[in-house]
There are 2 protein chains.
Amino acid sequence: MITMNGRNILVVEDEKKIAEIVKAYLEKEDFRVTVAERGEKALAVLKEGFALIILDLMLPDMAGEDICRAIRKDFDVPIIMLTAKSDEDDRVRGLGIGADDYMVKPFSPRELVARVKALLRRVKGSKDVLSFNGSDLVLDSTRFEVRKKASPVVLTPTEFKLLQCLAERPGQVFTRLQLVNVILGYDFEGYDRTIDAHVKNIRHKIEDNQRKPSYLKTVYGIGYKFTGLPDED
Amino acid sequence: MITMNGRNILVVEDEKKIAEIVKAYLEKEDFRVTVAERGEKALAVLKEGFALIILDLMLPDMAGEDICRAIRKDFDVPIIMLTAKSDEDDRVRGLGIGADDYMVKPFSPRELVARVKALLRRVKGSKDVLSFNGSDLVLDSTRFEVRKKASPVVLTPTEFKLLQCLAERPGQVFTRLQLVNVILGYDFEGYDRTIDAHVKNIRHKIEDNQRKPSYLKTVYGIGYKFTGLPDED
DNA sequence: AAAAAATATGAATAATTTATGAAAATAACG
DNA sequence: CGTTATTTTCATAAATTATTCATATTTTTT
């Protein structure tokens with residue numbers, strides 16, 4: 001396995017302008033940036049060693065997911081995937097491609113920088129696994145899998161995204177609208193309350209007592225929140 | 001550098017229809033919106049102070065990027081750029097100039113509102129926490145939670161809003177009518193005195209001695225006020 | 001100190017909000 | 001194309017909160 005290099009970032013993006021902007025923003029933060037316009041080139045420079053890779057899902061020569069898998073085969077490097085539409089993130093998450101994070105275009109460059117930093121911080125610590133209540137509940141984003149007291153729990157894609165969204169920020173309260181925006185996309189035309197149904201189903205799968213949930217809690221009049229330490233409020 | 005104003009948003013957009021829709025959506029979320037149809041006017045009202053600016057890249061009198069630069073020269077205010085169609089160049093231009101985020105038309109107004117909020121949160125440093133009497137009493141808006149001497153106090157939504165409204169301006173006296181307008185909405189048809197009931201319930205939860213409240217004080221003949229330093233009047 | 005005015009309080013009732021099971025619509029898959 | 005899994009909607013039950021009201025208490029005025 002090849003060593004990764006401190007502040008080197010590889011940007012795989014064929015839209016030159018976007019690549020440039022991303023480069024500019026990252027360099028302003030003291031990262032060194034290499035741009036590859038094609039998947040082929042990306043794979044060629046890989047062995048230079050990068051701390052992180054930003055990868056467009058749509059490239060002229062190869063599918064982003066293939067590149068991602070190719071990278072993952074030999075390198076243990078965090079990847080942020082760029083997708084054009086909100087429904088593509090399903091593919092990113094669902095297919096076990098193994099991206100560590102993803103952003104839907106159009107994205108704010110500041111947010112990208114923030115995520116790069118966050119991801120580097122996270123990765124340095126360990127992998128992409130959220131663990132709660134002393135490993136009683138584990139959310140493994142790279143494997144798209146949840147484990148409850150060590151035994152696997154099967155969540156549907158929407159359920160997983162919902163739980164993940166909440167679990168990433170324990171204690172923070174999300175309104176149904178916020179959750180819809182994040183999980184179903186800004187263009188979702190349906191009803192707020194569909195969130196309730198998913199919450200119910202998730203609770204059924206991860207809570208000991210569905211009537212008295214210890215993880216996924218209701219905040220009356222506002223929305224929902226996740227609590228990592230079931231006892232606390 | 002000029003101070004920015006809490007919930008004031010400037011929309012610079014010449015297409016009246018779009019401006020109106022944006023305005024309506026933002027006002028529904030309790031923002032105060034000023035619309036400028038031309039760049040010239042935008043620059044003129046700038047000193048009123050805005051928390052955020054939404055700027056169309058294409059304007060009749062001046063290029064959006066010039067306005068953007070002009071704004072940035074004197075104001076440190078977050079900017080969301082609106083660009084027409086999915087013209088890549090425009091998109092990219094917006095970012096290069098130093099917009100914080102951008103959206104491609106046609107966009108969903110819901111998404112715009114969500115991005116506005118996200119950007120404000122990000123810029124503010126996500127400090128939605130009010131702290132009083134040396135952290136004896138803490139109001140945390142993102143967690144929708146009040147803590148009294150470090151232990152959580154559960155307030156109902158109305159109670160929370162009421163307390164928040166008062167606590168945001170310690171010392172300022174609010175009439176019941178003002179409170180009703182802010183908390184229950186201008187269209188509330190009920191009785192003033194419902195506020196009293198909420199005050200009672202809040203006091204029950206946060207005051208040591210409900211008969212001699214140290215935070216939530218009555219101003220006889222007028223209304224109520226919040227005092228951050230319990231000793232002072 | 002008594003009367004008047006305003007606020008506090010507890011309890012009853014009304015109104016909202018959430019949970020839930022099942023049906024209908026959609027998407028995914030072979 | 002039919003079959004299955006998933007997502008969404010819907011109707012209703014259950015839970016929680018908001019409002020009102022009658023009465024007690026406090027504050028102000030005279």
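Lettering follows sequence order; numbering is per chain, from 1.
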Quiz prompt | Contiguous pairing runs of three or more, Watson-Crick or G-U under 3.5 Å, that involve DNA chain D | solution = C:1-30 with D:1-30
Let me check something: any side-chain donor-acceptor pairs from residues 197-210 of chain B under 3.5 Å, sequence neighbours excluded? List them with distances.
residue: B:N201; atom: ND2; partner: B:A197; partner atom: O; Å: 3.1
residue: B:R203; atom: NE; partner: B:L216; partner atom: O; Å: 2.9
residue: B:R203; atom: NH2; partner: B:L216; partner atom: O; Å: 2.9
residue: B:R203; atom: NH2; partner: B:T218; partner atom: OG1; Å: 2.7
residue: B:H204; atom: ND1; partner: B:Q210; partner atom: NE2; Å: 3.4
residue: B:K205; atom: NZ; partner: B:V154; partner atom: O; Å: 3.0
residue: B:K205; atom: NZ; partner: B:E159; partner atom: OE1; Å: 2.7
residue: B:E207; atom: OE1; partner: B:S214; partner atom: N; Å: 2.8
residue: B:E207; atom: OE1; partner: B:S214; partner atom: OG; Å: 3.1
residue: B:E207; atom: OE1; partner: B:Y215; partner atom: N; Å: 3.4
residue: B:E207; atom: OE2; partner: B:S214; partner atom: N; Å: 3.3
residue: B:E207; atom: OE2; partner: B:Y215; partner atom: N; Å: 2.8
residue: B:E207; atom: OE2; partner: B:L216; partner atom: N; Å: 2.8
residue: B:N209; atom: OD1; partner: B:R211; partner atom: N; Å: 2.9

Self-check item: Spacing of CG belonging to B:L120 relative to CD1 belonging to B:I80, to within rounding of 0.5 Å
Solution: 7.5 Å
Exercise. Round to the nearest Å and state the distance from B:K205 atom NZ to C:dT9 atom C1'.
Key: 15 Å
Quiz item: With sequence neighbours excluded, what pairs up with A:F132 under the ring pair (Phe, Tyr, Trp, His ring centres under 6.0 Å) test?
Solution: A:F226
Quiz item: Does B:Y224 make a side-chain N or O approach to OP1 or OP2 of C:dA6 shorter than 4.0 Å?
Solution: no
Self-check item: Atom pair distance, as rounded to whole Å: CZ in B:F144 and P in D:dT17
Solution: 13 Å
Quiz item: Taking atom CE of B:M81 and atom CG of B:L57, what is their separation to the nearest 0.5 Å?
Solution: 5.0 Å
Quiz item: Just by protein heavy atoms under 4.0 Å, how would nucleotides 4-9 of chain D read 5' to 3' in B, S and -?
Solution: --SSBB
Quiz item: Taking CG from A:L177 and P from C:dT17, how many angstroms apart are they, rounded to a whole number?
Solution: 15 Å
Distances for protein N/O vs nucleotides 26-30 of chain D N/O pairs under 3.5 angstrom?
residue: D:dT26; atom: OP1; partner: B:R211; partner atom: NH1; Å: 3.4
residue: D:dT27; atom: O2; partner: B:Y220; partner atom: OH; Å: 3.4

Quiz prompt | Whole-Å distance separating the CD atom of B:Q210 from the C1' atom of D:dT25 | solution = 13 Å
Self-check item: A:T218 side chain near C:dA19 phosphate (N/O to OP1/OP2, under 4.0 Å)
Solution: yes
Quiz prompt | Any residue meeting side chain to side chain donor-acceptor pair (under 3.5 Å) with A:E37, in chain and number order, not counting sequence neighbours | solution = none
Exercise. Not counting sequence neighbours, which residues clear salt bridge (Lys or Arg N to Asp or Glu O under 4.0 Å) with B:E111? List them please.
Key: B:R115
Exercise. Return the set of residues passing side chain to side chain donor-acceptor pair (under 3.5 Å) with A:S135 (not counting sequence neighbours), or none when no residue passes.
Key: A:S131
Practice problem: Sorted by first residue and then second, give each salt bridge (charged side-chain N to carboxylate O under 4.0 Å, His left out) pair with at least one member in residues 167-182 of chain B; sequence neighbours left out. | Solution: B:R176-B:D196
Exercise. Starting at atom CG of B:D196, determine the distance to atom C1' of D:dT23, rounded to an integer number of angstrom.
Key: 14 Å
Quiz item: Which pairs, with at least one residue in residues 137-168 of chain B and sequence neighbours excluded, count as a ring-ring contact (aromatic ring centres under 6.0 Å, His included)?
Solution: B:F144-B:F160
Self-check item: A:L177: side-chain contact (heavy atoms from CB on, under 4.5 Å) partners, not counting sequence neighbours
Solution: A:T175, A:N181, A:D192, B:R110
Practice problem: Take the protein atom CZ of B:R203 and the nucleotide atom P of D:dT25, then report the distance between them rounded to whole Å. | Solution: 17 Å
Quiz item: In whole angstrom, what separates B:K161's NZ from C:dT16's C1'?
Solution: 12 Å
For residues 18-30 of chain B, which side-chain donor-acceptor pairs fall under 3.5 Å, sequence neighbours excluded?
residue: B:K23; atom: NZ; partner: B:E27; partner atom: OE2; Å: 3.2
residue: B:E29; atom: OE1; partner: B:K117; partner atom: NZ; Å: 2.7

Quiz item: Which whole-number value in Å describes the distance from B:I202 CD1 to D:dT19 P?
Solution: 12 Å
